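Have a look at the structure below before the remarks.
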Amino acid sequence: MAYLKPDEPEKVYVPALRKAKKRGEKLACLTAYNYPTARIVDEAGVELILVGDSIGNVIHGYGNTIPVTLEEILSATKAVKRGSERALIIADMPYGTYHINEDETVRNALQLMKEGGAEAVKLEGGSNRINLVKRLVNEEIPVVAHIGLTPQSVHKLGGYSVQGKTVEDAKKLIEDAKLMEEAGAFAIVLELVPREIAEMITNELKISTIGIGAGLVCDIQVLVLHDLVGLTFGRLPRFVRQYADIRGIMTEAVSNWMDDVKNGNYPNDEESYGMPKSVDLNRVKE
Ligand code: KIV
């Protein structure tokens, strides 16, 4: 008996990344933090969804990612899981959830997978995370590493600037990337790294590089969805290409609705409910 192939494109799992890299096929990754954005991103065909701790900036208005909690990422991951069918779902491990000890890190990562539906976790750091990444991978938890600008280190770094701009710093980045591959990470985010260094890393590694502000050569590109569609406040980083002005569209819609409310144009009869003709309204007034 022949089996029909499903109409839907195949679900993306970790091994698909290695195959895509071998074929030289670029993949796309976007953040999502709730059901509707996950559906939009997934249905558009983006291969990876990151439930990023950038939720702290773009959703909760914290100003940075430091205050983000496991509960916030967990709740967002559950909603993203419900909204997506095909993309690989990666949950960010918030600051403080992988810093105490390995057992606690495993417990937190397992919660993101078992309760949240995450299919992989991401954590920031290089050589300082070798044992942690090994331990997670040993517990069947797929790991994405993250080097270059690591926003959870904002206080240590003193801001959000391009990393790896000296020979020593660039060498350290390349070394860190190799160490993360050896430790078992299946992909690595390169954030705000000179494109020449990102290219060297991408060519050196068998695992996929996920670039943000790291140039064209990375295997996968990632952006924060809200930056891409224009739903943020303040200045956008240079690497963001904004494809829509959703904030402008929303503001216009809200203003138009407000005008209609104030002018008595909303709601009209089609937008409200009338009593059945058979009911005598005089009797209601009695
Ligand atoms: O939290 C996030 O959105 C990220 C990406 C920018 C890589 O870590």
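Source: prediction; values computed, not measured. Atoms within a ligand are numbered from 1 in the order they appear, just like the ligands themselves. We use all heavy atoms of the structure for the numbers below, so side chains are in, but hydrogens, waters and symmetry mates are not.
- Using modelled atom types, one side-chain atom of Arg86 and one backbone atom of Gly45 make a donor-acceptor pair closer than 3.5 Å.
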Could you give the N/O to N/O pairs under 3.5 Å linking ligand 1 and the protein, each with its distance?
from	atom 1	to	atom 2	distance (Å)
ligand 1	1 (O)	Asp53	N	3.1
ligand 1	1 (O)	Asp53	OD1	2.9
ligand 1	1 (O)	Ser54	N	3.0
ligand 1	1 (O)	Ser54	OG	3.3
ligand 1	1 (O)	Asp92	OD2	3.2
ligand 1	3 (O)	Ser54	OG	2.5
ligand 1	8 (O)	Lys122	NZ	3.0

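- Looking only at distances, no side-chain donor or acceptor of Arg195 sits under 3.5 Å from a matching main-chain atom of Val217.
- With sequence neighbours excluded, no residue forms a ring pair (Phe, Tyr, Trp, His ring centres under 6.0 Å) with Tyr98.
- Listed by chain and number, the hydrophobic cluster partners of Leu281 are Met275, Val279, Val284, where partners are ILVMFWY side chains within reach of under 4.5 Å, directly or through others.
- Grouping Ile, Leu, Val, Met, Phe, Trp and Tyr by side-chain contacts under 4.5 Å, direct or through others, leaves Tyr35 on its own.
- In terms of modelled atom types and a separation under 3.5 Å, the side chain of Lys206 and the main chain of Glu181 share no donor-acceptor contact.
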